[in-house]
Amino acid sequence: WLRARKFDVSRVLQMIEEAVRVRASAFADDFYPDAKEALGVEPSVYINQYPQLYTGHAKIGCPLFISKPGVLNAEGLACITTSENLMRYHWHSQVHGFGAKLKERKESDPNFKRFECICIVDLEGLS
């Protein structure tokens, strides 16, 4: 937070207040437990326009997330959903999707303690 605002404490506090406000709204809706309802379209349609998903686990046991922003179809996304629905879907994905992956891993391996994610971002196609 500090680095993002170049250590300007007043701007950091403003950023935190905004984050708390945004989170409170999502919290009031239980972080959108239904992915289709959050997004306004089947999640597979969204992933077709912007390939990014959790797939398996890294060697250290935590979930593996792969994103391909180089093939993002912005026009396609604009046709199928709204920016507000995208935010709802990302809340859903983080709280319900990522949270479920961590819970599953903990249940299958009681010694699992790496509550983090390995992200692979494929930049091919970006200039």
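This chain uses plain numbering: 1 for the first residue, then up along the sequence.
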Compare every heavy atom of Arg114 with every heavy atom of Cys62, then report the nearest pair and how far apart it is.
CB-O, 3.6 Å
Could you check Lys103 against Phe115 for side chain to side chain contact (heavy atoms under 4.5 Å, CB included), going step by step and ending with a plain yes or no?
CA-CA 9 Å; Lys103 287 177 189 173; Phe115 288 85; over 6 Å; no
To the nearest 0.5 Å, tell me how far Glu75 CD sits from Ile80 CD1.
13.0 Å
Is it possible for you to say whether Ile66 and Ile47 belong to one hydrophobic cluster, with membership spreading through side-chain heavy-atom contacts below 4.5 Å?
no
In the structure I gave you, are the side-chain heavy atoms of Gln14 and Arg5 within less than 4.5 Å of one another anywhere?
no
Going by heavy atoms in the side chains, are His96 and Phe31 under 4.5 Å from each other?
yes
Could you tell me if the side chain of Asp122 sits less than 4.5 Å from the side chain of Lys68, heavy atoms only?
yes
I'd like to know whether Phe98 forms a side chain to side chain contact (heavy atoms under 4.5 Å, CB included) with Cys117, so could you lay out the CA-CA distance, the side-chain angles of the two residues, the decisive distance to 0.1 Å, and finally the verdict.
CA-CA 8 Å; Phe98 180 57; Cys117 178; 3.5 Å; yes
Out of curiosity, does Val71 fall in the hydrophobic cluster containing Val45 (side-chain heavy atoms, cut-off under 4.5 Å, transitive links)?
no
If you round to the nearest 0.5 Å, how far is SG of Cys119 from CD of Gln52?
10.0 Å
Run the numbers on Tyr89 and Tyr32 for ring pair (Phe, Tyr, Trp, His ring centres under 6.0 Å), then give the verdict.
CA-CA 7 Å; Tyr89 179 71; Tyr32 314 101; over 10 Å; no
Testing the basics here: between Ile118 and Ala58, what is the closest heavy-atom pair and its distance to 0.1 Å?
CG1-CB, 3.6 Å
One should read off an interatomic distance between Thr82 OG1 and Glu84 CD, to the nearest 0.5 angstrom, of 5.5 Å
Consider only side-chain heavy atoms of I, L, V, M, F, W and Y, link residues closer than 4.5 Å, and tell whether Val9 and Ile16 are in one cluster.
no
If I compare all heavy atoms of Pro63 with all of Leu102, which pair ends up nearest, and what's the gap?
CD-CD2, 3.8 Å
Which pair of non-hydrogen atoms, one from Asn85 and one from Leu39, has the smallest distance, and what is that distance?
ND2-O, 3.3 Å
Which pair of non-hydrogen atoms, one from Pro69 and one from Tyr50, has the smallest distance, and what is that distance?
CA-CE1, 3.6 Å
Verdict with supporting geometry, Glu107 and Phe112, side chain to side chain contact (heavy atoms under 4.5 Å, CB included)
CA-CA 9 Å; Glu107 288 171 2; Phe112 175 70; over 6 Å; no
Do Phe7 and Val12 sit in one hydrophobic cluster, given that two such residues count as connected whenever their side-chain heavy atoms are within less than 4.5 Å of each other, even indirectly?
yes
Quick one: do Met15 and Trp91 end up in the same hydrophobic cluster if we chain Ile, Leu, Val, Met, Phe, Trp and Tyr together by side-chain heavy atoms under 4.5 Å apart?
no
Between Gly76 and Gln49 the two heavy atoms that sit nearest each other are CA-OE1, 3.3 Å
